[in-house]
Amino acid sequence: MKYSEIMVRYGELSTKGKNRRSFIMRLAKNVRQALVDFPRLKIHADRDRMHLVLNGEDSDLIIPKLKMVFGIQGFSPSIRVEKDIEQIKKCAQEMVSEIYTGKESFKVTAKRSDHTFEQTSNELNVTVGDAVIEQFPEIKVQMKKPDINLRVEIRSNGAFLSHETISGAVGLPVGTSGKGMLMLSGGIDSPVAGYMAMKRGVEIEAVHFASPPYTSEQALQKAKDLTAKIAPYVGQIQFIEVPFTEVQEEIKNRVPQGYWMTITRRMMLRLTDSIRQSRRGLVILNGESLGQVASQTLQSMVAINEVTNTPIIRPVATMDKLEIIDTAQKIDTFDLSIQPFEDCCTIFAPPQPKTKPHLDKVHQYEERLDIEGLVERALTNIKVEEIVPESAQEQEDEFAELL
Ligand code: ATP
Ligand code: MG
């Protein structure tokens, strides 16, 4: 079917009273970024709905992308015709004939926001319903849960017909909850953690620690590919690569094996926190899940967490591995995550890490390291890769005028 627009219903936005305007603007911006490859598409956001005017763009290509944008309850591709009874009837008949297989029940739900239109909503229900019955005399009319609900909406700029509502990704528009730094390894858990945080409106930047030549170019690429997998939920994610070789070599040379892991994690956290601060993030996110490995006992968490007061959100902390894998499969990161490229933790993993590290020992061993110098040198050499669609800013200004 050749649709002329997609009507988008907001998700939880409706409950967010005062913040509504910024929510809608952010959603519009995110939709624009997700659909940056469709230059003819125009977005009109108002208080209650968002209208994507297709201007000839292909709805079949747009729909899968739109399904990934958080903050959308559902959307309906629709056809626009003139506000003329005959045209509306004809369009309704064509729409039903494309989907009716001889079995489905139907009803018409008309709505009139343009009250100057010649028929009321009830009259339109009858007029359009009769037109469909005229074409398919055997079609069953059913008011409750019909198979086909043909919606007709009379608005100031035309009559809009649609027959389906596609479920959106729900959640909150990414960015409306502020920004957090996601510690992204190449594993299964951290991309899932990122996805879950984005679903609650957190804009994320990915921080990845790489230790070349101990870690390979492929391991780095894998982390970037994972980032790319979760990027469509927002349109762009900044990927921050942190050189970690010197830190790991120093730890290996100066710290007893049992404490490598704890101190490595503390260094990662210190670095992530500095990056967060300079990039104005509010929180840190990671993929820690209780009990999975030595670093993920509560005692370890306490020892690692000691280096910062910044809130650390652990979206998958209490999920079972199988639940996490389920989500990883749903968001299509699983197959990438299980590729066997060793990351910095695998390579420097001690044979017997302490599952209950003692803080006094941690402090004692860290005395042997030039923590400040290590942090400073790593930070001066971070690499940031950013993909920001050019049209995003322009669109944002446009919406600001509309609202
Ligand atoms: P994942 O599947 O996310 O790799 P994991 O079960 O392998 O998790 P760990 O390797 O113990 O668990 O890592 C715990 C968390 O620490 C990760 O989820 C991630 O947030 C962070 N982390 C570990 N390694 C790195 C890295 N190289 N770069 C960035 N963050 C990392
Ligand atoms: Mg890992």
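We number each residue from 1, following the sequence as shown. Hydrogens, waters and symmetry mates are skipped; everything else that's a heavy atom, side chains included, is used. Whatever order the structure lists ligands and atoms in, that order sets their numbers, starting from 1. Source: prediction; values computed, not measured.
Here the side chain of Ser162 pairs no donor or acceptor atom with the backbone of Glu164 at under 3.5 angstrom. Between the side chain of Thr176 and the backbone N or O of Leu172, no donor-acceptor pair lies under 3.5 Å. The backbone N or O of Arg279 lies less than 3.5 Å from a partner atom in the side chain of Lys179, making a donor-acceptor pair.
Residue pairs meeting the side-chain hydrogen bond (donor to acceptor under 3.5 Å, both in side chains) criterion with at least one partner in residues 71-82, sequence neighbours excluded, are Arg9-Ser76, Ser76-Thr165.
Side chains of Thr355 and Thr297: a donor-acceptor N/O pair is absent below 3.5 angstrom, by distance only. Side-chain contact of Glu104 with Thr101: a donor-acceptor pair under 3.5 Å is present, judged by distance alone.
The aromatic rings of Tyr233 and Phe70 lie parallel to each other, their planes meeting at an angle below 30°, with 60° marking the opposite boundary.
With sequence neighbours excluded, the residues forming a salt bridge (Lys or Arg N to Asp or Glu O under 4.0 Å) with Arg155 are Glu5, Glu153, listed by chain and number.
Backbone and side-chain nitrogen or oxygen atoms of Gly287 are examined, and one is located within less than 3.5 angstrom of a nitrogen or oxygen of ligand 1. Considering backbone and side-chain atoms together, Asn286 places no N or O closer than 3.5 Å to any N or O of ligand 1. Ligand 1 has no nitrogen or oxygen under 3.5 angstrom from a nitrogen or oxygen of Gly186. Not a single N or O atom of Lys321, backbone or side chain, sits closer than 3.5 Å to an N or O atom of ligand 1. Every N/O-N/O distance between Pro191 and ligand 1 stays at or above 3.5 Å.
Remark: aromatic rings of Tyr214 and Phe244 are distant, center separation not under 6.0 Å.
Comparing heavy-atom distances from atom 22 (N) of ligand 1 across Ser211, Ser185, Ser300 singles out Ser185 as nearest. Atom 11 (O) of ligand 1 has its nearest heavy-atom neighbour, among Glu288, Met261, Met268, Gln296, in Gln296. For atom 14 (C) of ligand 1, the nearest non-hydrogen atom from the set Arg265, Met181, Met183 comes from Arg265.
For ligand 1 and Gly187, the ligand atoms under 4.0 Å from any heavy atom of the residue are 1 (P), 2 (O), 4 (O). Distances below 4.0 Å separate heavy atoms of Leu184 from the following atoms of ligand 1: 28 (N), 29 (C), 30 (N). The distance from ligand 1 to the heavy atoms of Asp189 drops below 4.0 Å at these ligand atoms: 1 (P), 2 (O), 3 (O), 5 (P), 6 (O), 8 (O). Residue Phe209 has at least one heavy-atom neighbour below 4.0 Å for each of these atoms of ligand 1: 26 (C), 27 (N), 28 (N), 29 (C). Atoms of ligand 1 found under 4.0 Å from any heavy atom of Ile188, numbered from 1 in the order shown, are 1 (P), 2 (O).
In Leu285, neither the side chain nor the backbone holds a heavy atom less than 4.0 Å from any atom of ligand 1. In Val207, the part holding a heavy atom less than 4.0 Å from any atom of ligand 1 is the backbone.
Minimum interatomic distance between Leu282 and Pro311 (heavy atoms only, all atoms of both residues): O-CD, 4.2 Å.
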